[in-house]
Amino acid sequence: MDCLREIQGKQAHDPIFIEKMNTSASWRCICVPGPLIVGAGPSGLATAACLKEKGVPSVVLERSNCIASLWQLKTYDRLRLHLPKQFCELPLMGFPTDFPTYPTKQQFVDYLEAYAREFDIKPRFNETVSQAEYDATLGFWRVKSVGVNGKGTEYVCRWLVVATGENAEAVMPEMEGMGEFGGDIWHTSSYKSGEEFRGKRVLVVGCGNSGMEVCLDLCNHNARPSLVVRDTVHVLPREMLGRSTFGLSMWLLKWLPIRFVDRLLLIVSWLMLGDTARIGLDRPRLGPLELKNLSGKTPVLDVGTLANIKSGDIKVCPSIKRLKRYAVEFVNGRTENFDAIILATGYKSNVPSWLKEREMFSEKDGYPRRPFPNGWKGESGLYAVGFTKRGLLGTSMDARRIAEDIERCWKHEAKHRMAFTRSLLQQPSSDSSS
Ligand SMILES: Cc1cc2nc3c(=O)[nH]c(=O)nc-3n(C[C@H](O)[C@H](O)[C@H](O)COP(=O)(O)OP(=O)(O)OC[C@H]3O[C@@H](n4cnc5c(N)ncnc54)[C@H](O)[C@@H]3O)c2cc1C
């Protein structure tokens with residue numbers, strides 16, 4: 001069963017499979033009275049729940065066979081929420097009080113399942129949206145989806161909510177000599193545990209939160225990880241001064257300018273972690289919060305990886321020049337042998353591949369063009385949830401705003417619908433007038 005589930009989940013992400021299905025599909029048409037939401041991750045669920053609370057029905061389409069497919073199918077076993085639970089809960093329903101500060105991936109999935117049950121959200125699974133376009137003549141969105149059985153459906157709706165996420169597709173960088181390497185090359189979205197790498201030399205490419213944590217996991221399973229660090233990076237302790245670093249930063253920002261808070265974070269980090277540049281992790285020129293605000297680049301919250309780098313259990317390497325047979329040549333001229341490579345190179349939005357619209361979403365990166373906090377609303381009933389680069393906190397803000405906005409139109413149009421129906425009912429029939 002699990003195997004079938006995994007195959008179906010993978011097919012839903014396979015562009016060749018989708019293309020094949022797209023061309024062989026026979027289409028049927030469904031009119032959606034309320035908004036259509038694309039994606040049943042936390043963002044889609046949060047929006048559906050907020051709408052439901054306001055009495056607006058919605059339809060949710062999901063390409064996978066489960067809710068929160070990113071969390072269920074594409075994350076490693078040891079994953080916990082990076083931020084404390086109070087910053088990750090969705091609108092209208094908190095986490096159970098007995099959950100730890102940093103819930104495990106399974107606890108987070110359980111919470112989302114309970115959330116969907118609570119608000120009676122039943123996504124239409126295995127429906128990959130392949131195209132969505134506004135029909136100005138009709139004044140409606142036409143959204144085409146393809147199921148695993150090849151059946152195509154066209155949905156016609158007044159409001160379209162894009163909730164496909166910042167992590168819709170894995171970013172796989174091209175590296176010279178990739179075909180030559182011989183060992184496994186995986187993206188972190190396929191990595192589950194270090195168990196299968198026991199005793200192996202593994203090169204992890206990318207030093208964000210995932211790359212750092214995968215290295216730690218490999219160490220814990222007696223693999224021999226090395227970490228490619230191409231860029232500067234801010235590593236902060238996950239907790240400082242008895243509070244979560246994220247919570248403390250949010251609190252300080254209420255009173256102090258961002259540069260001052262950044263300075264404070266860096267001093268405390270230096271006292272707790274030492275000078276990270278000495279172990280090959282140079283810090284960016286801008287402070288962690290300012291950099292996050294300007295570029296969206298998230299600081300790494302250390303959960304123990306740094307200690308392993310200091311002890312030499314994780315080696316830091318420069319950029320890759322090229323791959324060779326079971327070996328990697330680095331830009332400093334050194335060549336080292338590896339059995340496997342894990343790409344912790346992140347994800348990207350897939351919106352430009354299916355949404356035929358260029359005003360609200362950028363073709364380049366698939367994010368709303370207008371910066372936070374104004375990216376959630378476009379023209380003609382188009383909305384975006386979960387593209388703020390602010391995690392689940394950003395999702396909650398978007399979901400509430402979208403639901404309020406749609407509710408206004410919904411009520412306004414309902415008044416018109418009722419007035420129209422009343423006028424029809426009150427019109428004397430031709431029988432009685434004669
Ligand atoms: C490893 C990892 C750890 C994280 N930890 C945290 C954390 O601790 N706190 C935090 O706030 N954030 C965290 N994040 C950020 C993360 O983006 C959010 O947690 C969250 O998953 C975003 O929800 P979402 O619904 O916007 O996107 P997703 O969870 O990616 O959901 C989008 C859904 O849309 C579906 N979809 C995509 N394209 C289509 C299509 N064409 N048709 C139909 N369906 C489609 C996908 O299958 C998916 O189910 C983490 C991210 C990662 C990768």
Side-chain angles (χ1 to χ4, degrees), residues 81-84 87-88 165-167 171 173 188 204-215 227-241 243-303 305-306 309 316-319 343-349 362 364-375 386-398:
L81 284 178
H82 292 145
L83 305 180
F87 300 108
C88 297
E166 299 170 347
N167 304 309
V171 171
T188 40
V204 178
V205 183
C207 62
N209 275 303
S210 294
M212 291 285 213
E213 213 172 332
V214 164
C215 276
L227 177 66
V228 171
V229 180
R230 276 192 331 188
D231 232 339
T232 54
V233 58
H234 276 302
V235 184
L236 308 175
R238 192 170 65 168
E239 255 122 34
M240 50 172 73
L241 309 174
R243 295 179 68 160
S244 77
T245 302
F246 184 80
L248 182 70
S249 312
M250 294 294 108
W251 184 73
L252 288 171
L253 281 174
K254 287 186 192 161
W255 289 284
L256 300 169
I258 191 163
R259 289 205 173 156
F260 191 88
V261 180
D262 267 343
R263 184 81 40 95
L264 205 74
L265 292 178
L266 290 176
I267 292 169
V268 180
S269 294
W270 185 80
L271 289 172
M272 290 178 69
L273 306 174
D275 181 6
T276 57
R278 292 184 63 178
I279 52 170
L281 305 172
D282 288 322
R283 287 192 184 276
R285 202 176 44 79
L286 287 177
L289 300 179
E290 217 181 347
L291 187 69
K292 172 78 191 161
N293 262 359
L294 285 175
S295 71
K297 198 172 171 196
T298 310
V300 172
L301 295 170
D302 181 49
V303 287
T305 312
L306 232 53
I309 296 179
V316 172
C317 308
S319 296
L343 301 170
T345 38
Y347 293 90
K348 62 181 181 194
S349 158
S362 153
K364 217 170 81 205
D365 61 7
Y367 277 68
R369 291 179 197 276
R370 294 172 74 190
F372 179 80
N374 302 315
F387 291 89
T388 62
K389 296 188 180 167
R390 281 164 177 78
L392 297 159
L393 216 50
T395 281
S396 293
M397 289 170 76
D398 285 344

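- Atom CG of Leu253 and atom CG of Leu248 lie 9.5 Å apart (nearest 0.5 Å).
- A distance of 12.0 Å separates OG1 in Thr388 from CG in Asn374, rounded to the nearest 0.5 Å.
- Under a 3.5 Å cut-off, the side chain of Thr245 and the backbone N or O of Arg238 do form a donor-acceptor pair.
- Annotation: side chain of Leu266 is in contact with side chain of His234 (closest heavy-atom distance under 4.5 Å).
- Remark: Leu289 CG to Phe260 CZ distance equals 13.0 Å, nearest 0.5 Å.
- Nearest heavy atoms, Gly211 versus Ala344: CA-CB, 3.5 Å.
- Atoms CG and NE2, on Leu392 and His82 in that order, are 11.5 Å from each other to the nearest 0.5 Å.
- A distance of 10.5 Å separates CD of Glu290 from OG of Ser295, quoted to the nearest 0.5 Å.
- The two atoms that bring Pro299 and Lys292 nearest to each other are CD-CD, 4.5 Å, heavy atoms only.
- At least one side-chain heavy atom of Leu271 sits under 4.5 Å from a side-chain heavy atom of Ile267.
- Listed for the Asp398 side chain is a donor-acceptor partner under 3.5 Å among the backbone atoms of Gly386.
- Looking at Ile279 and Val316, their side chains never come closer than 4.5 Å, going by heavy atoms from C-beta outward.
- In this structure, the side chains of Glu166 and Tyr367 come closer than 4.5 Å at one or more pairs of heavy atoms.
- Atom CZ of Arg243 is surrounded by more than 12 heavy atoms from other residues, nucleotides or ligands within 6.0 Å.
- Here the CG atom belonging to Asp231 is positioned 7.0 Å from the SG atom belonging to Cys207, to the nearest 0.5 angstrom.
- Across every non-hydrogen atom of Leu265 and Pro288, the tightest pair is CD1-CG, 4.2 Å.
- In this structure the side chain of Leu227 reaches within 4.5 angstrom of the side chain of Met212, judged on heavy atoms.
- No more than 12 heavy atoms of other residues, nucleotides or ligands lie within 6.0 Å of NZ in Lys348, so this atom counts as exposed by the packing criterion.
- Looking at every heavy atom in both residues, Ser269 comes nearest to Met240 through OG-CE, 3.7 Å.
- Shown are Val300, Asn209, Leu301; of these, the side-chain contact (heavy atoms from CB on, under 4.5 Å) with Val235 is made only by Val300.
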### Task
Give the intermediate values and the outcome of side chain to side chain contact (heavy atoms under 4.5 Å, CB included) for residues Arg390 and Asn293.
CA-CA 9 Å; Arg390 281 164 177 78; Asn293 262 359; 3.3 Å; yes

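- Contact record, Pro284 with Leu291: CG-CD2, 3.8 Å, taken as the closest heavy-atom pair.
- For the residue pair Leu83 and Cys88, the shortest heavy atom distance occurs at O-SG, 3.7 Å.
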### Message
Apply side chain to side chain contact (heavy atoms under 4.5 Å, CB included) to residues Met272 and Asp302 and explain how you reach the verdict.
### Response
CA-CA 11 Å; Met272 290 178 69; Asp302 181 49; over 6 Å; no

